[in-house]
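One structure is given here, and the rest of the page talks about it.
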Amino acid sequence: MPSALPDGEPVPSDGSLPAHALDGLGARPFGFYVHVPYCATRCGYCDFNTYTATELRSSGTVASQETYADNLVAEIRLARTVLGDADLPVRTVFLGGGTPTLLPARDLVRMLAAIREEFGLAPGAEVTTEANPESVDPAYLAELREGGFNRISFGMQSARPQVLELLDRHHTPGRPEACVAEAREAGFEHVNLDLIYGTPGESDDDWRASLDAAIGAGPDHVSAYSLIVEDGTKLAARVKRGELPMIDDDVHADRYLIADEALGKAGFGWYEVSNWATSEAARCRHNELYWTGADWWGAGPGAHSHVGGVRWWNAKHPAAYAQALAEGRTPGQGREVLPAADRRVERILLELRLVEGCPLSLLAPAGLEAAHRALDDGLLDPAAFEAGRAVLTLRGRLLADGVVRDLVD
Ligand SMILES: C[S@@+](CC[C@H](N)C(=O)[O-])C[C@H]1O[C@@H](n2cnc3c(N)ncnc32)[C@H](O)[C@@H]1O
Ligand code: SF4
């Protein structure tokens, strides 16, 4: 099952925020995340906060998908009350999951309309939904586009049947590529494909074939993630039983190099360790908002929000979430005010993974010493270092987690 939420302090029942969090609201970029916690089936590797119909039935709860959009609209209205009447046009909206596209397109459009009605969208706002390839068709995509969505992210994962099978993915090879064409036809300006590398049994050639298929489909953004064996998943159980081997770090590093080369040749540049885009306009601005510590409201079960240094999270189960809203209470379950020291560490953790890197001035003396060592080891870019920034080289990206750990000292 999905990982647990932190404890934190309780959120007041009306969801109100401390006055200091509201200071400067509107001067910082503001976005909306909407979580849709339903999937047709659970992929063996995934520990996201999502539920299949069987899982909801077996937990003995009623958490109806039919009324989900109503609950979401109620939380969007609550957000407006909590944030007051500041001019707060939304720069990015991201519907993620789970599988948002398991709901009827009109529900997704209704949630977006509620955000537009309450806050307004900034000119050129980016409006994304995630989608599973088997859950959409041209009519569905056209309805989303007409309703204001302009970016879509498909979970492709792999082009190889045996890899898809091991991951419990139910789309046929070729379907994600067809989705890109259908999304373009429907008028989506930006299309992403998610890929996973390092699945047990996947060869370098399988991975190259997946990259070729993804690139050939013509998205303007690719996210490539190394397969993480999350505790409590079916995949973790199979690895533990010795049915599947753990993939070692060297294989993951080789696959990363293969990805960076193939994507680079095809005109995709990295802008975050796991993300490549064909231009600056094709970057995912919603994720950039997270990575740069902006403000966002996360609506839906288990969703996290961040406004002015206060972070809070909603009740995780869809039934508990729905009940709170039905009783006129915030679904917010816990919150924390981030101390300045934690915010500095978080900035380093996130910004160091970006192509712009993080300012050396953010590092403590021990972190700066580590940065000098990383520079000598070829993990940081010398020209950027000279200009006062820590930017990972290709080798640095392969060892990003370790470099980040050293620099936050
Ligand atoms: C929340 S999922 C939503 C996308 C959509 N439900 C789908 O699967 O097509 C976002 C992405 O996270 C990635 N992901 C999820 N679990 C992962 C894991 N354990 N290791 C690596 N990537 C993972 C997958 O690439 C997936 O497409
Ligand atoms: S479809 Fe997506 S969100 Fe649902 S279980 Fe699979 S990877 Fe997770």
Side-chain angles (χ1 to χ4, degrees), residues 5-6 8-35 71-96 111-128 148 283-315 321 324-325 328-351 354 356 358-359 362:
L5 293 172
E9 59 180 65
V11 178
S13 68
D14 62 359
S16 56
L17 288 167
H20 64 82
L22 301 177
D23 280 352
L25 198 62
R28 301 177 293 266
F30 178 63
F32 238 96
Y33 172 73
V34 173
H35 189 67
N71 293 328
L72 230 294
V73 170
E75 191 183 349
I76 292 162
R77 302 242 152 89
L78 171 78
R80 181 77 265 190
T81 310
V82 168
L83 298 175
D85 48 16
D87 187 24
L88 203 52
V90 178
R91 296 203 198 177
T92 64
V93 178
F94 193 102
L95 271 66
M111 297 182 218
L112 174 60
I115 294 172
R116 194 190 284 117
E117 211 172 280
E118 293 295 338
F119 293 91
L121 295 182
E126 174 192 274
V127 182
T128 305
R283 294 181 181 187
C284 176
R285 284 191 277 132
H286 185 78
N287 280 339
E288 288 189 314
L289 195 127
Y290 294 150
W291 298 329
T292 53
D295 290 340
W296 72 88
W297 189 288
H304 284 235
S305 303
H306 173 264
V307 172
V310 179
R311 190 162 46 192
W312 72 94
W313 46 93
N314 283 348
Y321 170 79
L325 286 164
R329 289 183 287 115
T330 171
Q333 183 185 285
R335 76 178 184 196
E336 60 192 7
V337 180
L338 296 176
D342 290 9
R343 292 175 80 170
R344 184 187 69 84
V345 166
E346 234 175 53
R347 266 192 71 186
I348 299 170
L349 290 174
L350 294 168
E351 291 182 22
L354 302 176
E356 290 82 12
C358 86
L362 212 55

Could I get the full list of side-chain hydrogen bond (donor to acceptor under 3.5 Å, both in side chains) partners for Asp342, not counting sequence neighbours?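 So Asp342 forms no side-chain hydrogen bond (donor to acceptor under 3.5 Å, both in side chains) with any residue.
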
Which heavy atom in [X] sits nearest to a heavy atom in [Y], and how many Å separate them?
X	Y	answer
Ser16	Pro12	O-CG, 3.6 Å
Asp295	Gly308	OD1-N, 3.0 Å
Val310	Ala21	CG2-CB, 3.6 Å
Leu354	Leu350	CG-O, 3.7 Å
Cys358	Ile348	SG-CG2, 4.4 Å

Ring geometry between Tyr290 and His286 (parallel below 30°, tilted from 30 to 60°, perpendicular above 60°): perpendicular

Under a 4.5 Å cut-off applied to non-hydrogen side-chain atoms, are [X] and [Y] in contact?
X	Y	result
Pro29	Thr92	no
Met111	Glu75	no
Trp312	Thr330	no
Ser305	Arg335	no
Val34	Leu112	no
Tyr321	Leu72	yes
Arg311	Glu346	yes
Pro301	Gln333	no

Distance, nearest 0.5 Å, that separates [atom1] of [X] from [atom2] of [Y]:
X	Y	atom1	atom2	result
Phe30	Leu83	CZ	CG	5.0 Å
Arg77	Leu325	CZ	CG	12.0 Å
Tyr33	Leu289	OH	CG	14.0 Å
Arg283	Trp291	CZ	CH2	9.5 Å
Asn314	Trp297	CG	CH2	8.0 Å
Arg329	Asp14	CZ	CG	12.0 Å

Test side chain to side chain contact (heavy atoms under 4.5 Å, CB included) on Arg285 and Thr128; report intermediate values, then the result. CA-CA 10 Å; Arg285 284 191 277 132; Thr128 305; over 6 Å; no

Applying ring pair (Phe, Tyr, Trp, His ring centres under 6.0 Å) between Trp313 and each of His306, His304, His35, report the one that passes.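 The option that passes is His304.
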
Which of these passes side chain to side chain contact (heavy atoms under 4.5 Å, CB included) with Ile115: Val127, Ile76, Val73? Ile76

